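Here the structure comes first, spelled out in C-alpha cells, and everything after it is commentary.
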Amino acid sequence: MARIRNRITLTVVVVITAALFCAALLALQFMENNQMQHLRDSLLGEARLIATELTTTASEAQPQMARQSAVTLGRAVFLLSRDSRVLVSATPTGHVERDIPWPFDHPAPTVGQAHDFQAALHGQDMVLAAAPVSGNPAVHTVVIATPLEPEYARLLTDWRWLAVEFAGVGVLFILIGYLWARRIASPLEHIAATTEQIAAGDVRKRVPYWGQDEYGRISSAINSLTGRLLEQMDDLSQEKSKVEGIIKHMGSGVLVVDRSGVILVANETATAMLGGSQTQLVGQTHWVATTSLRISELIDTVLLKGHPLRKEVVVNNDINVELFVTPIFGANEEVVGAVAVLHDVTQFRRVERMRTEFVANVSHELRTPITAVKGFAETLLDGALENPDLCRQFVQIIYDESERLSHLVLDLLELSKMESGHSVFRFTRVNISELVDTAAARLQNQATQSGIDLFVHTPESPVFADVAPERITQVLINLIGNAIAYTPAPGRIDVSVLDADEEVTVEVADTGIGIPKADIPRIFERFYRVDKDRSRNTGGTGLGLAIVKHILEAHRGTIKVTSEVGRGSTFSFTLPKRQPERNPDGPSNSNP
Ligand code: ADP
C-alpha cells in the first residue's frame, strides 16, 4: 500500500479494532461476573428470607409455604433435614415432592452459614443458595436453585447489543481516523504531486504553503530550491545561447562530437566547408557526415589518445582547412568527446602560392633581358666592337632590352603601388572622347607602321566623367597597344566611345588573332600570356591588362572581353560618370 493516507488509515483501523476488541472482552467478563454475582446475592437473600419465615411456620404448613415461595420466586425450593434428606421439594410450576433424596451431583450443604454453589441436576447446570434455618426442629437448611441457562441467554442478548454498540463506535472511530489520515496525508500528497511535476520539468510550479509546521518548512524549502534551480537554469540557458551565438557566427568551423563520434554541434561555417546541410551533420557519426577521411581519422585519434592534434587537410576538392582537434574530458578525466575547429586557409594558401609564382615570374621576366644584355655586351667585348655594323646592331639590341627591362620594372612598380593602395588617383571631370582621341593619336604612327588602320568613333557631344585622366589614358594605351600588337597586317582597330545615362563605355575592337575562350578569364592575371613568344616579340610585359584591371577597379568600372580566335577581340570598359565624394587627403583618394 503505497499511499501514506492508506497506511495511516490501516493503522487506525487495526489499532481501533484491537482496542475495541480488548474493551469488549473486558466488558463481557465484567458483565458476566456482575450478573452472576447479582444472581447469587438474590438467591442468598431469598434463601435467608424463606429460612427466617420457616422459623415461625408450623411443620404442616411448610410444604405449602415452600410451594408458594417457589411459584412466587420462580425458583426451585428445597427444605433439607439435618441429615441432608429433602423433606420438601417445590418447583416454580407448583409441583411438590416430599421426602426424596438430594437430587444434585454436588453433596448437600451441611454448613451452618448461608452460601452459594453450583451443581448439576439431570445434566442441567444450576446455581444454588443455602441458608440455615434456626429454631425449626425438622428443617435444618433451605436451598434455592435456579438454572444457569436462562441467565446465559440473557447475557448473550446483552452481549449482542454490546457488540452492535462497539461495532458502531468502531465504524465512527475508523471514519474519524480516515478523515484524520486524510488531513495529515493531503499536504504531503500535494507536495509529492507538485514535486513530481517539478522533477518532470515544470520548474515554474510552486508547492502550496502549509503554515508553520514541518509541511510549511518542506514547502518553502522545495520552493526556494526550485527558485534557485530556475535561476541557475536561466543562467545556464543565457550562457548556452551566448556560446551558441559565438559558435554560430564564428568565422571558423566548429564540430563537437561525443565519445562515440556522433556529431552534437556543427556551426554554419563547418557545414559550408564540409559541403552538407546542418541537419545532415548533427546526429550522424563524423565518419558518415564529414566525407573527409583525414578529418575523421584525426577526430578518432584524438578520441582514442586524448591529446590535441593539428593538421592541414583538403576538403571538398579545393578547400584548404587547418584542423585543430581537442579532446573534452569528463569528471573522471576520461575522454567524453572532442571539439574540432576548422580554419579555411584556402585564400591564405592561394596568396602564398601567388606570391611564390609572382617571384618566379618576375625572376624569369628579368632574366631574359638581362641575359640578352649580358650576352651581347660580352660578344661586343669579345671583338664585335671592331665591326661597326655588328656593333650598332648589338648596341641597339642592348638598348631595346634595357628599354624592356625598364618597362617591366616601371609596370611592376606601378602594379605594386596600386595593389598596396599607395597609388594616388586624382579625379577630375574630363571629356572621355578627348582622352580617347589623344591616346589614339599617340598610337596612330605605330598602327600605321604595323599596317593597321586605327579609327576613333566619338559622339558629337562631349562625354564628361569623373576620372583620373592619366590613368584612363594608360588604360587606353594598353588596350589599343595590345590591339596593335595582336593584329597582323592588314588589320583594323575601332575605338568607340558610347554614351549611356550614368555611364560611359569605351570599346576597343580589333581584327586580330583573337583569344581562345579558355584563356579569356586569365588574361588579366599578372604575367599571363596566351602566346609568350609573340608577347615578348611585341615588347609586352604580361602586366598590361593587370594594370588595366586595377585602374578600372579604382574607378568602380568594369571590363568585358569578347573574342574569336582568328577574327579579332573586343575589349570594352564601362565607367560611372560620377564618382562618390572623396576626401582629397583621405585614403579613399588612393587606389583601394
Ligand atoms: P602583354 O604585355 O603580353 O600584352 P597583357 O596583360 O597586356 O600582356 O595581355 C595579356 C595577354 O592577353 C597577352 O599576352 C595576349 O596573349 C592577350 N591579349 C591581350 N590583348 C589582346 C588582343 N587585343 N588580341 C589578342 N590577344 C590579346
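Both ligands and their constituent atoms are indexed starting at 1 by order of listing. Remember, it's a predicted structure, so these values are computed and weren't measured experimentally.
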For ligand 1, which atoms, with element, lie under 4.0 Å from some heavy atom of [X]?
{"X": "Ile523", "result": "10 (C), 12 (O)"}
{"X": "Leu545", "result": "5 (P), 6 (O), 7 (O), 9 (O), 10 (C), 12 (O), 19 (C)"}
{"X": "Gly514", "result": "25 (C)"}
{"X": "Arg529", "result": "3 (O), 14 (O)"}
{"X": "Gly542", "result": "1 (P), 2 (O), 3 (O), 6 (O), 8 (O)"}
{"X": "Gly544", "result": "5 (P), 6 (O), 7 (O)"}
{"X": "Ser569", "result": "24 (N), 25 (C)"}

Is Asn478 close enough to touch ligand 1? Criterion: a residue heavy atom under 4.0 Å from a ligand atom.
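Contact check Asn478 vs ligand 1: negative.
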
Are any non-hydrogen side-chain atoms of Phe376 and Val395 less than 4.5 angstrom apart?
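In short, these two side chains do not touch, never coming nearer than 4.5 Å.
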
If you take the nearest heavy atom of each of Leu543, Asn482, Ile480, Leu479, which one is closest to atom 7 (O) of ligand 1?
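The residue whose heavy atom sits nearest atom 7 (O) of ligand 1 is Asn482.
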
Of the choices Tyr528, Tyr486, Phe527, Phe571, which has the non-hydrogen atom that lies closest to atom 11 (C) of ligand 1?
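Shortest heavy-atom distance from atom 11 (C) of ligand 1: Tyr528.
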
Which pair of heavy atoms, one from Ala518 and one from Pro521, lies closest together, and at what distance?
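For Ala518 and Pro521, the tightest heavy-atom pair comes out as O-CD, 3.4 Å.
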
Nearest non-hydrogen partners of Thr574 and Glu503, listed with the distance
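Heavy-atom minimum between the residues: CG2-OE1, 3.6 Å.
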
Does ligand 1 have a heavy atom under 4.0 Å from the side chain of Val548, from its backbone, from both, or from neither?
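It is neither; nothing of Val548 touches ligand 1.
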
Pair [X] + [Y]: basic N to acidic O under 4.0 Å:
{"X": "Asp519", "Y": "Lys517", "answer": "no"}
{"X": "Glu525", "Y": "Arg522", "answer": "yes"}
{"X": "Glu502", "Y": "Arg556", "answer": "no"}

For [X], is at least one N or O under 3.5 Å away from an N or O on ligand 1?
{"X": "Val530", "value": "yes"}
{"X": "Ile513", "value": "no"}
{"X": "Ile515", "value": "no"}

Filter on salt bridge (Lys or Arg N to Asp or Glu O under 4.0 Å), then keep only pairs touching residues 461-478, sequence neighbours left out; what's left?
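Pairs touching residues 461-478 that pass the test: Glu414-Arg471, Arg429-Asp466.
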
Arg567 atom CZ, over 12 foreign heavy atoms within 6.0 Å
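Incorrect, the count does not exceed 12.
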
What residue among Val548, Ile551, Val506 forms side chain to side chain contact (heavy atoms under 4.5 Å, CB included) with Ile559?
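Of the listed residues Val548, Ile551, Val506, the side chain to side chain contact (heavy atoms under 4.5 Å, CB included) partner of Ile559 is Val548.
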
